[in-house]
2 protein chains.
Amino acid sequence: MSAERIQAVYRIETPLPVERAAAVLAGEQSSGTFVEVPGETDDLRRRYGARVELINPLEPAAAASLPGCRGGVPGGLFNRAQITVSWPVENIGVNLPTLLATVQGNLYELSQLSGIKLLSIALPDSLARHFRGPAFGAEGSRALCGVVKGPMIGTIIKPSIGLSPDQTAELVRTLVEAGIDFIKDDELLANPPHSPFKQRVDAVMQVINEHAHRTGRKVMVAFNLTDEFDAMQRNYDHLLAAGGTCAMLSVNHVGLSATKAICDRGQLAIHAHRNGFGMMNRHPMLGMEFPAYQTIWRLAGVDQLHVNGIANKFWEPDDHVVRSIEACLAPMNGLKRLLPVISSGQTGLQAPETYRRTQTIEVLYQAGGGIMAHPLGPAAGVAALRQAWQAAVSGITLDEHAREHVELRGQLKKFGK
Amino acid sequence: MSAERIQAVYRIETPLPVERAAAVLAGEQSSGTFVEVPGETDDLRRRYGARVELINPLEPAAAASLPGCRGGVPGGLFNRAQITVSWPVENIGVNLPTLLATVQGNLYELSQLSGIKLLSIALPDSLARHFRGPAFGAEGSRALCGVVKGPMIGTIIKPSIGLSPDQTAELVRTLVEAGIDFIKDDELLANPPHSPFKQRVDAVMQVINEHAHRTGRKVMVAFNLTDEFDAMQRNYDHLLAAGGTCAMLSVNHVGLSATKAICDRGQLAIHAHRNGFGMMNRHPMLGMEFPAYQTIWRLAGVDQLHVNGIANKFWEPDDHVVRSIEACLAPMNGLKRLLPVISSGQTGLQAPETYRRTQTIEVLYQAGGGIMAHPLGPAAGVAALRQAWQAAVSGITLDEHAREHVELRGQLKKFGK
C-alpha cells in the first residue's frame with residue numbers, strides 16, 4: 001500500500017504542537033476544509049486522505065520565521081520538525097502540475113504554520129514509470145558534444161544582451177576555436193528584435209557546423225528557446241533543422257506544462273536555467289529545497305539543470321551546491337541522471353574544492369567572465385579551466401600544476417587571491 | 001524614450017548603500033557580469049542597460065531578512081529602499097516568460113541584497129498592445145453566467161477529492177437548484193483515475209445544461225483543467241463541446257507559457273487558482289507582491305484570479321486582500337479587468353467589511369463550507385450569502401437584515417461570533 005503513495009518531506013515551524021500542525025497540513029491538502037461537510041465519510045478519508053508518516057522534532061525557535069501565524073501560547077516557542085506526509089497515487093494520476101499543487105499548493109498560506117519548506121519528494125515506481133524523464137541526461141549530453149574526459153567546459157555569451165546575430169556568431173567562432181565544449185545564451189536574451197531567435201540560430205549554427213565538419217566535434221549551443229508556446233515549437237523545429245543539439249529554457253518562467261511538452265519531443269537536449277529559484281529557496285523556512293526541485297524537473301524531462309557553484313558570486317553556501325550536484329546525479333526511479341550545470345563567478349579556481357566534495361567530473365562547468373577575461377584570451381581561458389580540473393582530479397594543487405601550464409598561471413594571476 | 005521602457009518597482013534591503021545595491025541589480029539584469037568583458041561598450045550599455053529611475057529610502061532594519069548577504073560594515077544597519085528600475089522594450093520583445101526572467105531572474109540570488117520583493121510592473125502601451133489579455137474578464141464572466149445584480153456567488157466541490165463523476169454531478173444538482181452562480185473543482189482534483197476529467201465534464205454538464213434549458217441561466221463551472229499540455233488541449237475541446245463556459249488552472253504549476261496558450265484560445269473563461277502564491281508572497285522581503293503577480297497573469301489572459309478574502313482562514317492580512325481586489329480591477333493598458341475571486345473561510349459574514357473597503361460588487365464570492373454546512377441546507381447557504389451582500393451594499397448591519405431573513409439568521413447562528 002505505502003509503495004503506491006507519493007511522499008513529501010517538509011521542515012515546518014509552528015506555534016502549535018507539531019502533531020497538530022502536521023494534521024492540519026495533511027487535511028488541507030486532501031479531503032478537508034475548515035468545517036465538516038456532508039460527504040466526507042470515514043471511507044473517503046481512508047481512501048484519499050493524506051497521512052502523516054513521520055515526525056522528527058527539531059530544535060524550536062524563539063521567534064516566528066514568517067508573519068501571520070496564529071495559535072499557541074503567548075510568549076511560547078515555535079516548534080520545528082521534519083515531517084513526512086504521504087498521498088495515494090490515486091488522488092492525482094499522471095499529472096505533474098497537480099502533483100505540485102498537492103505537495104505544495106496552499107500549504108504556504110496556512111496560519112497554523114510560521115514556516116514551511118518542502119525538502120524532497122519521492123514517487124513510487126508505478127507512477128514514475130509514466131515519465132520518460134531526461135531524454136539525454138548527463139551521459140547523453142556529454143556524448144552529444146563528444147566530451148570523453150573531464151567535465152564539459154562551457155561558457156555564456158557576454159554581454160548578456162545587445163549583440164546582433166552576426167556579432168554573436170563572431171564570438172562563437174572565437175569560442176569554438178578556443179576549444180570550448182558548450183556555449184549558452186544568457187537568460188536575458190531569448191528572442192528580441194535585435195537578435196531574433198531564428199537569425200541567431202542561422203548565424204551561429206553556420207559557425208558550429210563548419211567547425212564540426214572540420215574537426216568532427218559539434219560544440220553544443222544552448223539557444224535560449226524561452227518564449228510563448230507556439231513560438232517555442234516553431235523555433236525548436238528551426239533549431240533542429242539547422243543542426244542544433246540543445247535548447248535552453250528559463251524553466252520557472254516557461255512553467256511546468258510547457259517545459260514538459262518541449263522535453264517530450266526528445267530531439268534536443270534541454271538546458272534548464274533555474275533563474276528565479278532564489279525566490280523559492282533563499283529563506284530557510286519558506287519554499288522548496290533543491291532536492292525537491294530537481295525531482296520535478298527531472299520528471300518533466302530536462303537534461304541539464306543549474307546548481308550554482310562553489311564560492312559563487314551569489315548568496316548560496318557551498319553545502320547547498322554540493323547537495324544540489326549530488327541530487328542531480330542520484331538515482332531516481334530508474335530515470336536518467338541530470339547533468340549539474342555549475343556556474344556563477346566560476347574561474348577554475350573552484351575546481352579542486354568542487355571535485356574534493358563531489359568526487360565527480362559528471363558536470364558542465366561554466367565560466368563566463370572566467371574565460372573571456374583571461375589575459376591571454378579565450379583559448380587560454382578554456383585551457384586554464386581544463387588544467388584546473390586536471391589538477392583537481394589528480395590531487396595536485398593549482399599552484400603546482402600552474403608551474404608547467406602557462407594558461408592556468410595566467411588564470412591564477414588574474415583571479416587568484 | 002522612457003515611454004518605451006518596462007518599469008519594475010522593488011523593495012530592497014542591503015548592507016550596502018542603496019544606490020550601490022540598486023546599480024548591481026540593474027547591471028545583473030542587463031548587460032553586466034562580475035568582471036568587465038570585451039564587447040560591453042558604452043554604446044551597448046546605453047542602448048540595452050537597465051536604469052535605476054528612482055530610489056526612495058525606507059526605515060533601515062537592524063538585522064538581515066535573508067541569509068547570505070555580504071558587504072557592509074560589521075554591526076551596521078541594513079538599508080531599505082523602494083526603487084524603480086527600467087529596461088528598454090527592445091531587450092525582450094513580446095515574450096512574457098523572458099519579461100519575468102528579466103524583472104526577477106537571478107535577483108533573488110544577489111549577495112549584495114538581504115531582501116528583495118518585486119512590488120509592481122508597468123509596460124508601455126506599445127508593448128502591452130501585443131497582448132489581448134482576458135478574453136472575458138470581470139464583466140464577461142458575469143455576462144457568461146447571467147449575473148446582473150450583486151457579486152457572483154460561487155462554491156467549491158467538497159470533499160475536495162474522492163467523489164466519483166456521478167457523485168459530483170449529484171452535488172452539482174443540489175447546488176444549481178440552490179441557486180448558485182458558479183461552482184469550481186478543488187485544485188487537488190484535476191484528472192485522477194477515480195474522476196477522469198472527461199467523465200466528470202459529461203456527468204456535470206448534463207445537469208448544468210438541463211438546468212440552463214429549464215431556467216435560461218447557465219451556471220458557470222470551473223472544471224480543473226490543470227494537466228500536461230496535450231491533455232489540457234484535448235480536455236479543453238471536450239469541455240467546449242459539452243457546453244462548458246469555464247476552465248480552471250493552477251497557474252503557478254501549469255506555468256506561464258502553457259497558461260497563455262490555453263488563454264489564447266479565448267473560448268472559455270479561465271479561472272486562475274493561485275495555489276503556491278504564498279511561497280512567493282508570505283515573506284515581506286522576498287518574492288513578489290500581488291500587484292506584480294496580477295499584471296503577469298492579466299497579460300497572459302486569465303479572466304478570474306484568486307485574491308484570498310477578508311478575515312480568511314489563511315495567514316494573509318486584510319490590507320493585502322483589499323489591495324489585491326483593487327489591483328485586479330484597476331485599469332491596465334486598456335486590457336479587460338480581472339474578476340477577483342474571493343475565497344478561504346468565507347461565510348458571508350465578511351461581506352460588509354469587504355464591500356466597505358472595496359466599494360465594489362465586481363467579485364466572485366466563494367464559500368465552500370460556508371454554503372454546504374448551512375443548518376438549513378445549501379439553498380439556504382446561497383440565499384444567506386446574497387442576503388449578506390444585500391445588507392453590505394445597503395449599509396444595513398447583518399444582524400438587522402437577519403431579522404427578516406431566516407437564511408442569514410441561520411448563517412449568523414452557525415458562523416457568527
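A quick note: this is a predicted structure, and the numbers were derived from the prediction, not measured. Residue numbers start from 1 in every chain, and the chains themselves are labelled A, B, ... in the order their sequence lines are given, proteins ahead of strands. These values consider heavy atoms only, across backbone and side chains, with no hydrogens, waters or symmetry-generated copies.
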### Task
Apply side-chain contact (heavy atoms from CB on, under 4.5 Å) to B:Ile371 and B:Leu175, showing your working.
CA-CA 9 Å; B:Ile371 287 174; B:Leu175 289 163; 4.3 Å; yes
### Message
Below 4.5 Å, heavy-atom pairs only: which of A:Asn252, A:Leu100, A:Thr98, A:Asp227 has the largest tally toward chain B?
### Response
A:Asp227
### Query
Where on A:Ser65 is there a heavy atom nearer than 4.5 Å to chain B: the side chain, the backbone, both, or neither?
backbone
### Task
Report the C-alpha distance between B:Tyr293 and B:Leu118 in whole Å, list the side-chain angles of each, state the deciding distance to 0.1 Å, and finish with yes or no for side-chain contact (heavy atoms from CB on, under 4.5 Å).
CA-CA 9 Å; B:Tyr293 186 75; B:Leu118 173 61; over 6 Å; no
### Task
Give the member of B:Leu107, B:Asn106, B:Val251, B:Asn95 that has the highest number of heavy-atom pairs under 4.5 Å with chain A.
B:Asn95
### Task
Using modelled atom types only, decide if a donor and an acceptor are shared between the side chain of B:Gln29 and the backbone of B:Ala101 within a distance under 3.5 Å.
yes
### Task
Report the option among B:Trp87, B:Phe277, B:Tyr108 that has the most heavy-atom pairs separated by less than 4.5 Å from atoms of chain A.
B:Tyr108
### Message
Only heavy atoms, only distances under 4.5 angstrom. Which residues in residues 258-265 of chain B are near chain A?
### Response
B:Ala258, B:Lys260, B:Ala261
### Message
Report which part of A:Asp230 has an atom under 4.5 Å of a heavy atom belonging to chain B: side chain, backbone, both, or neither.
### Response
neither
### Query
Nearest heavy-atom pair of B:Thr168 and B:Ile157: which atoms, and what distance?
CG2-CD1, 4.0 Å
### Message
For chain B, which candidate among A:Gly255, A:Ser114, A:Ser195 shows the most heavy-atom pairs at distances under 4.5 Å?
### Response
A:Gly255
### Query
Given that the side chain runs from C-beta out, which part of B:Leu286 has a heavy atom under 4.5 Å from chain A: side chain, backbone, both or neither?
side chain
### Task
Select one option (side chain, backbone, both, neither) describing which atoms of A:Leu163 are under 4.5 Å from chain B's heavy atoms.
both
### Message
Would the distance check show the side chain of A:Glu4 and the main-chain N or O of A:Pro88 forming a donor-acceptor pair, the cut-off being under 3.5 Å?
### Response
no
### Message
Shorter than 4.5 Å, heavy atoms on both sides: which option in B:Leu189, B:Thr102, B:Val254 has the most such pairs with chain A?
### Response
B:Val254
### Query
CD/A:Gln346 to CD/A:Gln366 distance, rounded to the nearest 0.5 angstrom?
9.5 Å
### Task
Let me know if A:Pro193 has heavy atoms under 4.5 Å from chain B in its side chain, its backbone, both or neither.
both
### Message
Taking the ring centre of each residue, are A:His320 and A:Trp315 less than 6.0 Å apart?
### Response
yes
### Query
Can a salt bridge be assigned to the pair B:Arg274 and B:Glu316 using a cut-off of 4.0 Å between side-chain N and carboxylate O?
yes
### Contact winner vs chain B - A:Met280, A:Met288, A:His273, A:Gln112, heavy-atom pairs under 4.5 Å
A:Met280
### Message
I need the A:Ile92 CD1 to A:Leu127 CG distance, nearest 0.5 Å.
### Response
7.5 Å
### Message
Can you confirm whether or not the ring centre of A:Phe229 sits under 6.0 Å from the ring centre of B:Phe229?
### Response
yes
### Query
For the candidates B:Arg70, B:Glu90, B:His283, B:Gln167, which exhibits the highest count of non-hydrogen atom pairs separated by less than 4.5 Å from chain A?
B:Glu90
### Query
Going by atom types only, do B:His306 and B:Asn275 share a side-chain donor-acceptor pair under 3.5 Å?
no
### Message
Can you tell me which portion of B:Gln104 sits under 4.5 Å from chain A's heavy atoms? Options are side chain, backbone, both or neither.
### Response
side chain
### Task
Let me know if A:Met285 has heavy atoms under 4.5 Å from chain B in its side chain, its backbone, both or neither.
neither
### Query
So which of B:Asn91, B:Asn224, B:Leu96, B:Ile156 has the biggest tally of heavy-atom pairs under 4.5 Å with chain A?
B:Asn91
### Task
Against chain B, label A:Thr226 side chain, backbone, both or neither, depending on which of its atoms sit under 4.5 Å from a heavy atom there.
both
### Option that, when pairs with chain B are counted at under 4.5 Å, heavy atom only, ranks first among A:Gly278, A:Gly93, A:Ala231, A:Pro284
A:Gly278
### Message
Return the CZ to CG distance between A:Phe314 and A:Asn308, rounded to the nearest 0.5 Å.
### Response
6.5 Å
### Query
Is there a donor-acceptor contact under 3.5 Å linking the side chains of B:Asp43 and B:Tyr48?
no
### Task
First locate atom CD of A:Gln233, then atom CD of A:Glu228, and finally report the distance between them rounded to the nearest 0.5 Å.
13.5 Å
### Closest-packed option against chain B by number of heavy-atom pairs under 4.5 Å, given A:Pro317, A:Ser111, A:Pro196
A:Ser111
### Query
chain B: which of A:Gly68, A:Ser250, A:Ser257 shares the most heavy-atom pairs with it under 4.5 Å?
A:Ser257
